[in-house]
Peer 1: 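The following block contains the structure, expressed as C-alpha cells.
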Amino acid sequence: FQWMDEAAKRLAIKFGVFTDYDQSLSTITSTGNYALPADHISTIQGDIDGRTIRPRNVQELEALDATWPAATGLPTSFLEDTQGLTRLTLYPAPDVTNNGKTIGLVIQEIAPDVTSTSGFIGCPSILRDYFTFYAIAEARAKQSNLQMDETAQWFRGVIGMMEQGISELWNG
C-alpha cells in the first residue's frame with residue numbers, strides 16, 4: 001500500500017491527474033479572501049453560481065484598478081498570489097447582492113491516501129498498469145532476498161515511458 005500511495009502522490013503532484021469540482025465555498029459580503037480546500041494543489045477554473053470567473057494575478061489587477069483590494073461588486077476574477085497558495089482572493093469582493101453565492105472551483109488535488117483500510121482511489125483505469133509497474137519496481141529495488149536491481153531498473157524505465165504519455169494526456 002505504501003508504494004501505491006507513493007505512486008498516487010507522484011501522479012497528483014507531477015501531473016495533476018486527480019481533479020475535482022469543489023463547491024464547498026460561498027461568497028460573503030465584503031470578504032474577498034477564502035481558504036482553499038486542504039488537498040488543493042492548483043486551480044484550473046473558477047465560477048460563481050455557474051458563471052466563469054477569470055484567473056488573474058496581482059500585477060494585472062494593479063494595472064486594471066489601483067484600488068482593487070477595496071473594490072466590491074460582482075466578482076469577475078480570482079487570484080491565488082495574494083496570501084499564499086492556500087488562499088483564494090475574489091475581485092471585486094462580493095457586495096450585498098452577491099452574498100451567499102456558490103464558488104465552484106475545478107482543482108487539481110492531492111490523491112487520497114492509499115492504505116490497508118482504504119485501498120481504492122478513483123482514477124482513470126488507464127493508470128492501472130502504472131500502479132502495478134511502480135509497485136513491482138519498488139519491490140524489486142528493496143533490499144531483501146528477492147532484490148533484483150536489473151528488474152527494478154527495467155520497470156522504472158517503463159514507468160518513465162508511461163510518464164511521458166501521462167504528461168501528454170494531462171498537461172501537455
Side-chain angles (χ1 to χ4, degrees), residues 1-26 32-48 50-60 77-91 102-172:
F1 291 104
Q2 174 189 347
W3 297 322
M4 295 297 182
D5 189 55
E6 288 173 12
K9 300 298 189 260
R10 181 177 174 91
L11 287 171
I13 293 167
K14 191 170 181 179
F15 302 106
V17 170
F18 300 94
T19 59
D20 187 24
Y21 181 61
D22 186 297
Q23 292 183 299
S24 63
L25 301 174
S26 294
N33 196 291
Y34 301 86
L36 289 164
D39 55 358
H40 175 271
I41 295 174
S42 66
T43 304
I44 300 170
Q45 186 263 327
D47 66 71
I48 295 184
R51 186 185 46 75
T52 302
I53 55 178
R54 180 180 174 176
R56 291 193 184 264
N57 61 41
V58 172
Q59 289 176 321
E60 289 176 318
S77 306
F78 70 92
L79 302 89
E80 289 183 358
D81 64 342
T82 57
Q83 297 192 9
L85 300 176
T86 61
R87 310 283 305 169
L88 176 86
T89 301
L90 294 179
Y91 168 78
T102 302
I103 301 170
L105 300 172
V106 178
I107 62 171
Q108 292 178 328
E109 60 187 4
I110 296 171
D113 292 334
V114 180
T115 64
S116 60
T117 57
S118 62
F120 295 99
I121 57 173
C123 68
S125 60
I126 194 168
L127 296 175
R128 186 176 306 148
D129 290 340
Y130 181 86
F131 284 98
T132 302
F133 284 26
Y134 191 95
I136 292 170
E138 293 303 309
R140 292 297 172 224
K142 184 176 180 175
Q143 188 172 357
S144 70
N145 291 339
L146 299 174
Q147 183 176 6
M148 297 179 183
D149 290 329
E150 298 84 13
T151 303
Q153 186 177 2
W154 185 85
F155 275 101
R156 285 184 174 147
V158 173
I159 290 168
M161 289 187 295
M162 290 176 147
E163 287 180 348
Q164 287 177 347
I166 290 168
S167 177
E168 290 183 22
L169 287 172
W170 274 273
N171 58 351

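Just the heavy atoms: all of them, side chains too, but no hydrogens, waters or symmetry mates, feed the values below.
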Peer 1: By salt bridge (charged side-chain N to carboxylate O under 4.0 Å, His left out), which residues pair with Asp113, not counting sequence neighbours?
Peer 2: Lys9

Peer 1: Please give me the minimum heavy-atom distance between Leu25 and Ala35, naming the atom from each residue.
Peer 2: CD2-O, 3.5 Å

Peer 1: Apply side-chain contact (heavy atoms from CB on, under 4.5 Å) to residues Leu169 and Phe15 and explain how you reach the verdict.
Peer 2: CA-CA 9 Å; Leu169 287 172; Phe15 302 106; over 6 Å; no

Peer 1: Can you sort out the partners of Gln2 under side-chain hydrogen bond (donor to acceptor under 3.5 Å, both in side chains), two or more places apart, ordered by chain and number?
Peer 2: Glu6

Peer 1: Looking at residues at least two apart in the chain, or sitting in another chain, which of them share a side chain to side chain contact (heavy atoms under 4.5 Å, CB included) with Ile13?
Peer 2: Ile41

Peer 1: List the residues meeting side chain to side chain contact (heavy atoms under 4.5 Å, CB included) with Thr19, not counting sequence neighbours, and say none if there are none.
Peer 2: Ile44, Gln108

Peer 1: Write down the atom of Pro124, the atom of Val17, and the distance for their closest heavy-atom approach.
Peer 2: CD-CG1, 4.4 Å

Peer 1: Hey, can you pull the donor-acceptor pairs under 3.5 Å for the side chains in residues 50-57, sequence neighbours left out?
Peer 2:
from	atom 1	to	atom 2	distance (Å)
Arg51	NH1	Pro75	O	3.3
Arg51	NH2	Pro75	O	2.8
Arg56	NE	Ser77	OG	3.0
Asn57	OD1	Gln59	N	3.1
Asn57	OD1	Glu60	N	2.9

Peer 1: Quick check for you: to the nearest 0.5 Å, what is the distance between Ile159 atom CD1 and Trp154 atom CH2?
Peer 2: 10.0 Å

Peer 1: Hey, are the side chains of Ile166 and Leu127 touching, using non-hydrogen atoms and a 4.5 Å cut-off?
Peer 2: yes

Peer 1: Taking all non-hydrogen atoms of both residues into account, name the closest pair between Ala152 and Ala137 and its distance.
Peer 2: CB-O, 3.4 Å

Peer 1: My understanding is that only residues two or more places apart in sequence, or in another chain, count here; which of them pass side chain to side chain contact (heavy atoms under 4.5 Å, CB included) with Ser26?
Peer 2: none

Peer 1: Give me each pair satisfying salt bridge (Lys or Arg N to Asp or Glu O under 4.0 Å) with a member in residues 16-25, each pair once, sequence neighbours excluded.
Peer 2: none

Peer 1: State which residues pass ring-ring contact (aromatic ring centres under 6.0 Å, His included) with Phe155; sequence neighbours excluded, sorted by chain then number.
Peer 2: Phe133

Peer 1: Decide yes or no for Ile48 and Phe78: does some side-chain heavy atom of the first lie under 4.5 Å from some side-chain heavy atom of the second?
Peer 2: no

Peer 1: How long is the span from the OH atom in Tyr130 to the CE atom in Met161, to the nearest 0.5 Å?
Peer 2: 13.0 Å

Peer 1: Specify the closest pair of heavy atoms between Ala111 and Ala12, including all atoms of both residues, with the distance to one decimal.
Peer 2: N-CB, 3.6 Å

Peer 1: From Lys142 NZ over to Gln147 CD, what is the distance, rounded to the nearest 0.5 angstrom?
Peer 2: 11.0 Å

Peer 1: Scan for salt bridge (Lys or Arg N to Asp or Glu O under 4.0 Å) pairs involving residues 114-125, sequence neighbours excluded, and state none if there are none.
Peer 2: none

Peer 1: Can you tell if the side chain of Ile121 reaches within under 4.5 Å of the side chain of Phe18, non-hydrogen atoms only?
Peer 2: yes

Peer 1: What's the separation between atom CG in Asp81 and atom OG1 in Thr89, rounded to the nearest 0.5 Å?
Peer 2: 8.0 Å

Peer 1: Restricting to side-chain hydrogen bond (donor to acceptor under 3.5 Å, both in side chains), what partner residues turn up for Ser118, sequence neighbours left out?
Peer 2: Thr115

Peer 1: Given side chains that start at C-beta, do those of His40 and Leu105 come closer than 4.5 Å, heavy atoms only?
Peer 2: no

Peer 1: Does any pair with a residue in residues 144-167 pass salt bridge (Lys or Arg N to Asp or Glu O under 4.0 Å), and if so which ones, sequence neighbours excluded?
Peer 2: Arg10-Glu163, Lys14-Glu163, Glu138-Arg156

Peer 1: Search all heavy atoms of Leu90 against all heavy atoms of Ile103 and return the closest pair with its distance.
Peer 2: CD1-CD1, 3.8 Å

